[in-house]
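Here is the structure we will look at, set down as structure tokens.
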Number of protein chains: 2
Amino acid sequence: MNKNDIKILLVDDEPDILEIVGYNLKNEGYEVFTAENGLEAIKAAKKHLPHLILLDIMMPEMDGIEACEKIRKIKTLENVIIAFLTARGEDYSQVAGFEAGADDYITKPIKPKVLVSKIKSLLRRLKSESAAEEDNLKIGDIMIDRDEYVIYKSNKKIELPRKEFELFSLLTSKPGKVFKREAILDTVWGNEVVVGGRTIDVHIRKLREKIGDDYFKTVKGVGYKFVLKGQDK
Amino acid sequence: MNKNDIKILLVDDEPDILEIVGYNLKNEGYEVFTAENGLEAIKAAKKHLPHLILLDIMMPEMDGIEACEKIRKIKTLENVIIAFLTARGEDYSQVAGFEAGADDYITKPIKPKVLVSKIKSLLRRLKSESAAEEDNLKIGDIMIDRDEYVIYKSNKKIELPRKEFELFSLLTSKPGKVFKREAILDTVWGNEVVVGGRTIDVHIRKLREKIGDDYFKTVKGVGYKFVLKGQDK
DNA sequence: TAAGGACTTAACAATTTCTTAATCGAATTT
DNA sequence: AAATTCGATTAAGAAATTGTTAAGTCCTTA
């Protein structure tokens, strides 16, 4: 991911902090948004879909903990990284904060250099998390073994070639969700690769052949989605 | 839910595993119970009502599969999450009873960090299952699911073709507001596309057919608006 | 280097979606 | 009341999109 594409939402009730920290982050090339309280933060987060949110704990209107909990429930933000800004020595808040779903803590006073390096490492986690998930997953009567590149459908082993596996993997990562053709190409083939218009269809065909027609639903003009039998109503 | 209130039942016949994994989980703040075989597991599960059960597959007395099936039948435990512990590379098709009702699989050797993050995500599922349906737009008895490209009217699923969905989506984005024909064309069709004068009407017709006449009100000389039943006066 | 699998492409069939055109009806204006 | 305007309705067919098959290329492996 390009650094310029990384969006950071900075939330603090002290304008001075917003300005100083914001300046430093912009200087590093990040796109920075700000908010002065929890309510604003949630609005801004929904609007800008940042990758990272730096959240002050003590704020008027809605404090950081509460804001964090609310944000964690927003689906479009499920992968956002949230770090709390706390005054040194506020031990109790750490407990509450981790429960609320925070990924990290940064203690005030904030040293710009420390902050930037911390952010870099947090964002590294963002990448590795999406790349990882190299684990097993069970959906209905289908199990996916990402280590072995194999899936099991009611105890029957089905081996899939790489592209098919990745396509299947993508679709099942969010059963029910429609993946747009464009998004599928981006994820499975990579943004640079250009393949013909029928390539996806052919792979879907193979999956339908091997796993079952009913699991893969076409949404014309949009893309495909994976549905579990009987859940399509 | 407070982290300290979360109970995990760990079942494995190797004391080493119980100790190491148990230690890590306790360290994370979970309340941990252990059992060395399926029989003990069932007893312990009934007694402690854990939120999550980590179940080794290969065990003496009663293996994990059988235990899982039995546990699934216990009413007081109907919401428990069960994850199997399996050796890496194990052929799951040989693991009879793959459909015993496990929610997930975790492969050995178990890396504490992976395990903990996995558990967090499993428990997140626990929460989200009860508080789901967060992000979707609800208007009266109609729900719009943009992820799945479907709408639900009093829980009945209605699938709409793309243009209809987009038109519907636009109108419902501000119930009561009149959208001018021109504006509709701009949004749904795009400014460049030129279509005949009756195209919008036809699409409105389809929506009325599928969703109900009363929801779509014509404002002659201007455009259309979406209204909830009985609210257009 | 022959065989086989994975992946892509191309051609055409099948299907769904969208638009058009024609006609009707209601409301409004002349 | 006649004429006009605007929307409603319908069915047909145009256009867009996907399905399917077969063949070709590339790469790996025996």
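The sequence lines fix the lettering, A, B, ..., with proteins before strands; numbering per chain opens at 1.
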Handout entry: Minimum side-chain heavy-atom gap A:I204-A:L171 below 4.5 Å
Key =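 When only atoms from C-beta onward are counted, A:L171 and A:I204 do touch, with a gap below 4.5 Å.
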
Exercise for the section: May I ask you to decide if the ring planes of B:W189 and B:H203 are parallel, tilted or perpendicular, using 30° and 60° as cut-offs? Expected result: perpendicular

Tell me whether [X] contacts the main-chain N or O of [Y] through its side chain, where contact means a donor paired with an acceptor under 3.5 Å.
X      : Y      : result
B:S173 : B:L170 : yes
B:R208 : B:F216 : yes
A:K7   : A:H48  : yes
A:K153 : A:I158 : no
A:T187 : A:I184 : no
B:K225 : B:V219 : no

Gap between atoms [atom1] and [atom2], on [X] and [N] respectively (whole Å):
X      : N      : atom1 : atom2 : answer
B:F216 : D:dG7  : CZ    : P     : 17 Å
B:D214 : D:dA8  : CG    : P     : 14 Å
A:I200 : D:dG19 : CD1   : C1'   : 14 Å

How would you label the contact of [X] with the nucleic acid (heavy atoms, under 4.0 Å): base, sugar-phosphate, or nothing?
X      : value
A:K163 : sugar-phosphate
B:F165 : nothing
B:G221 : sugar-phosphate
B:T218 : sugar-phosphate

Practice task
Applying side chain to side chain contact (heavy atoms under 4.5 Å, CB included), run through B:N37 and B:D13 and close with a yes or a no.
Solution key: CA-CA 6 Å; B:N37 60 55; B:D13 60 318; 6.0 Å; no

Practice task
Can you spot which of B:D186, B:D201, B:T199 makes a side chain to side chain donor-acceptor pair (under 3.5 Å) with B:R181?
Solution key: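 The option that passes is B:D201.
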
Practice task
May I ask you to evaluate whether A:Y224 reaches the phosphate of D:dG19, defined as a side-chain N or O under 4.0 Å from OP1 or OP2?
Solution key: yes

Exercise for the section: Taking only the side-chain nitrogens and oxygens of A:R181, find out if one of them lies under 4.0 Å from OP1 or OP2 of D:dT18. Expected result: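 For A:R181, the contact criterion (side-chain N or O under 4.0 Å from OP1 or OP2 of D:dT18) is met.
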
Problem - Among B:T34, B:L55, B:D56, B:I82, side chain to side chain contact (heavy atoms under 4.5 Å, CB included) partner for B:V11 - result: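 With B:V11 as partner, side chain to side chain contact (heavy atoms under 4.5 Å, CB included) holds for just one option, B:L55.
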
Practice task
Estimate the overall bend of the helix from C:dT1-D:dA30 to C:dT30-D:dA1 from the end axes over five pairs each, rounded to 10 degrees.
Solution key: 20°

Completion exercise
Residues of residues 202-211 of chain B with a heavy atom under 4.0 Å from any atom of DNA chain D, listed by number, are B:V202, B:R205, B:R208

Practice task
Name the first nucleotide and the last nucleotide along DNA chain C (5' to 3') that come under 4.0 Å of a heavy atom in chain B.
Solution key: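 The footprint of chain B covers C:dT17 to C:dA27.
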
